2 protein chains.
Amino acid sequence: MHVNRQNVAGENVTSSDHQRCKLVKATIKDVAREAGVSISTVSYAINNKDRISSETRKHVLHVAKRLNYVANGNAKLLKQKHTRAIGIFFNSWFGPIYSEIARGIEKAVHQAGYDLVACSLYGEENSTAYKYLRDRMVDGAIILADSFDDDFLKSTASKDLPLVVLDREVESPHIFSVLIDNFGGAFNATKALVQSGCKDVYFLGGPKGSYDSQKRLEGYIAALGFCGATINNNHILECDFTEEGAYQKMKVLFNKGTVPNAIFSANDEMALGIYRAARENNLKIPENIKVIGFDDIREAEFAAPPLTTVSHQKYEMGINAAEILFEAIKSPAKDLNKLRIQATRLIERESV
Amino acid sequence: MHVNRQNVAGENVTSSDHQRCKLVKATIKDVAREAGVSISTVSYAINNKDRISSETRKHVLHVAKRLNYVANGNAKLLKQKHTRAIGIFFNSWFGPIYSEIARGIEKAVHQAGYDLVACSLYGEENSTAYKYLRDRMVDGAIILADSFDDDFLKSTASKDLPLVVLDREVESPHIFSVLIDNFGGAFNATKALVQSGCKDVYFLGGPKGSYDSQKRLEGYIAALGFCGATINNNHILECDFTEEGAYQKMKVLFNKGTVPNAIFSANDEMALGIYRAARENNLKIPENIKVIGFDDIREAEFAAPPLTTVSHQKYEMGINAAEILFEAIKSPAKDLNKLRIQATRLIERESV
DNA sequence: CTGAAAGCGCTTACAG
DNA sequence: CTGAAAGCGCTTACAG
């Protein structure tokens, strides 16, 4: 493709500036030529350096505006090394929890004058998220995806690219964690169930590898112990954090004739699956089964009956994650707190 | 910050390769020096050009791997002009509808070998989305945000940067639309309400400027006309597409003693607000009020009673949007269809 | 098959 | 206060 650079300079052209600029982008050179100054001067003017007279600046800015000039980001980055962008990487396009966290992150990132770009892990090794991390397209990243393995994270994190993970702890000098108080939340939920008069509280967990699920299980066990209830391994069910999975699991259980008095579900999604299975078997909540979830997603409030659940501050979690990231970016040498915990709160609704 | 480039070359250094590479990124120069070839050769090897012997390639690739070399994306882009990235720009961090659309887009974008980066409009003129569009950081974009005004879109769209909008039509050679069949969906919903025996069907709309809401209103009016029902302007309520807004609106209505027999709500969110207001006033759905929503969000299914609603194929909409974008990218000259419509389907549940 | 060199669009010491 | 020039890390005609 051959481009006639003359056009940009504004010579021998009859169409309007606006039209010309759609043909080909004006560069710093074009502005310099048109304004009759050097490219350094244009650069100084654009970037508001105080080395040039305000008259020159005004003139240059005026010409730049007329030519509809905007700096080429890539060229800038090539020199400046940092991108002033933060990545947020995830594997599901924002379930109910993530979007709240993202809002918090966005707020803090924008306030710091950085850009926030979100990429998913779809495609795994070939995903945009992987690429952005490998190619250092961001100055830091917040990760909500367990499909990044710890080793990859460890090998890419550096003082120029600190990382914050939101779903586990990873031992590395430039990786930080902000986590939910899974243990405490699960403890309180289970305790509430026992104290409501149920002795055989079930636990419906997430997939085996899940850090969150593991911690919630520990809280459950601790609460049973605390209350003097016996721990029965048959009451501990492994599932997959999805509504459908929980539905299937419960259906099987009900069909065997087993109806738990109470279930602590390791997330709300699965609690919804319990609801569905119960409805189909004409089991009433909370009369026949009491259930408590975890996360306090929107559906929890609108479910019938409204779901009692463990709530955590997702927005604040996002803010927190971004803040710790910027501290790490700004003072890489400083020995920062590697781990922050978000408190939880039991929201009592009508399912227990 | 002073960086010792010697380290990268691997001279006079005792620590492992792995460690070195964390200190400073290897460049094409480092690989060339280490491999004893020119940088052109390295470039050819990395990019799999068939101008060099396979032996040389193998050797270079081996060295590159050892130095943990990855090409600098910015430098690459500076030469190549195109980014092989598609932007997806929105103003809310993915409500229930958006995430499905995003999944579709992602699938198609990844399949085309492009990257997908998501940015929000938070911060308006200073937002990342604006910047990415202005600075041509993407080869094309899909837009779900009405906060971009048409003029801005028209002035940035070009044959090198086609745009797809998902929530309106805009008259411009390089802007495409994929839209929901709002009219048809609303028509069917309203008709169902009338045919269930209600003569005074209310319409709860979105904000005045909303394209979607306007079209749904037109479908509502057409259906009433079609069924021979009279159109009463008092039955047309303006709201804001949020649960809370609808809740407030209905509360006021109920307090005045007005209880519509049937309401067609221009989205499901607002239908949920109607549910809440009804619950508080001991009004039963569908016995006292029949309601139909639009969108078929997840909550619709789990609401009590499950909400009848107009469903549209969000995932397919995403696929569609991406496909039309790539057609425009690949053959900018071709006179493509500017507009595609997604069909809708009435999902009958228990709220009517 | 390989390499020297120009150039992408910027920034930033350095010199005047 | 301003400009000429080097350089960021690549790609790609061009020459050999």
Side-chain angles (χ1 to χ4, degrees), chain A residues 1-3 5 8-9 21 24-61 63-64 67-84 134-137 160, chain B residues 1-3 5 8-9 21 24-61 63-64 67-84 134-137 160:
Chain A
M1 175 184 69
H2 174 257
V3 174
R5 292 227 138 268
V8 174
C21 293
V24 64
K25 279 192 82 178
T27 72
I28 198 170
K29 254 189 205 157
D30 302 314
V31 179
R33 181 150 20 104
E34 192 81 341
V37 297
S38 74
I39 59 165
S40 330
T41 302
V42 176
S43 176
Y44 298 141
I46 298 291
N47 296 302
N48 246 304
K49 306 265 185 203
D50 51 356
R51 330 172 85 220
I52 58 179
S53 70
S54 65
E55 261 172 51
T56 317
R57 179 193 317 290
K58 217 175 286 176
H59 175 227
V60 171
L61 257 25
V63 172
L67 294 185
N68 212 348
Y69 170 75
V70 302
N72 176 312
N74 289 118
K76 231 169 169 152
L77 293 178
L78 189 52
K79 284 298 290 185
Q80 295 184 157
K81 297 303 176 191
H82 56 250
T83 63
R84 290 198 78 78
R134 258 200 330 259
D135 293 6
R136 310 287 198 268
M137 302 283 273
D160 297 317
Chain B
M1 174 184 70
H2 174 256
V3 173
R5 292 225 137 271
V8 174
C21 293
V24 65
K25 279 192 82 177
T27 71
I28 198 171
K29 253 189 205 156
D30 301 314
V31 178
R33 181 149 21 102
E34 193 80 340
V37 297
S38 73
I39 60 165
S40 330
T41 303
V42 176
S43 176
Y44 298 141
I46 299 289
N47 296 302
N48 247 305
K49 306 266 185 204
D50 51 355
R51 330 172 83 220
I52 58 180
S53 70
S54 66
E55 260 173 51
T56 317
R57 179 194 317 288
K58 216 176 283 176
H59 175 225
V60 171
L61 257 25
V63 172
L67 294 185
N68 211 348
Y69 170 75
V70 301
N72 177 313
N74 289 117
K76 232 169 168 150
L77 293 178
L78 190 52
K79 285 298 289 184
Q80 295 184 157
K81 298 301 176 190
H82 56 251
T83 64
R84 290 198 77 80
R134 258 202 327 262
D135 293 7
R136 309 287 198 269
M137 302 283 272
D160 296 318

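In what follows, chains are A, B, ... by sequence order, proteins preceding strands, each numbered from 1. Quick caveat, the model's predicted, so the values are computed rather than measured.
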How about CG on A:D50, more than 12 heavy atoms from neighbouring residues, nucleotides or ligands closer than 6.0 Å, or not? no

Calculate the interatomic distance between A:I52 atom CD1 and C:dT12 atom P; express it in whole Å. 14 Å

Quickly work out the A:R57 CZ to D:dC1 P distance and round it to whole Å. 10 Å

Close side-chain approach of B:N72 and B:T27, heavy atoms under 4.5 Å: no

Atom-to-atom span, NZ of A:K58 to P of D:dT2 - whole angstrom: 13 Å

Using the closest heavy atom to pick a nucleotide of DNA chain C for each, name whichever of A:A71 or B:G36 lands nearer the 5' end. B:G36

Just compare C:dA6, C:dC10, D:dT2 and give me whichever is closest to any side-chain atom of B:K79. C:dA6

Between A:S38 and D:dG3, is there a side-chain N or O to OP1/OP2 distance below 4.0 Å? yes

Could you grab the distance from atom CD1 of A:I46 to atom CD1 of A:I39, nearest 0.5 Å is fine? 12.5 Å

Looking at every strand, decide which applies to A:N74 at a 4.0 Å heavy-atom threshold: base, sugar-phosphate, or nothing. nothing

Reading DNA chain D from 5' onward, which residue's closest nucleotide shows up sooner: B:R51 or B:I46? B:I46

C:dT2 OP1/OP2 closer than 4.0 Å to side-chain N/O of B:T56: yes

Within the structure provided, determine whether B:R33 and B:D30 are in side-chain contact (heavy-atom separation under 4.5 Å). yes

Counting side-chain heavy atoms from CB outward, which of D:dT12, C:dT12, C:dC10 is closest to A:I28? C:dC10

Using whole Å, what does the distance between atom P of nucleotide D:dG9 and atom CZ of B:R33 come to? 12 Å

Closest listed nucleotide, where the reference is the side chain of A:K76 and the choices are D:dT11, C:dA4, C:dC10: C:dC10

Counterpart base for C:dG16, defined by Watson-Crick or G-U wobble contacts under 3.5 Å: D:dC1

Answer with yes or no whether the side chains of B:S38 and B:T41 bring together a donor and an acceptor at under 3.5 Å. yes

Flag the pair B:Y69 / B:V63 as yes when at least one side-chain heavy-atom distance between them is below 4.5 Å, and no otherwise. no

Which of D:dC14, D:dT2, D:dG3 is nearest the side chain of A:V37? It is D:dG3

The nucleotide from D:dC8, D:dT11, C:dT2 with an atom nearest the side chain of A:L78 is D:dC8

Nearest-nucleotide pick for B:K29, side chain only, options being C:dC10, D:dC8, C:dG3: D:dC8

Gap between atoms NZ and P, on A:K49 and D:dG3 respectively (whole Å): 17 Å

For the side chain of B:S40, starting at C-beta, report the closest nucleotide among C:dG3, D:dT11, C:dC10. C:dG3

How many whole angstroms separate atom CG of B:N72 from atom P of C:dC10? 16 Å

Of the options C:dC1, C:dG3, C:dG9, whose atoms approach the side-chain atoms of B:S53 most closely? C:dC1

Taking for each residue the nucleotide of DNA chain C with the nearest heavy atom, is it A:V42 or B:I39 whose nucleotide lies nearer the 5' end? B:I39

Does a side-chain N or O of B:Y69 approach OP1 or OP2 of D:dC10 to a distance below 4.0 Å, or not? yes

Rounded to whole angstrom units, what separation is found between the CG atom of B:L67 and the P atom of D:dG9? 14 Å

Ignoring backbone atoms, establish whether B:T41 has a side-chain N or O less than 4.0 Å from OP1 or OP2 of C:dT2. no

For B:Y44 and D:dT11, give me the distance from atom OH to atom P, rounded to whole Å. 10 Å

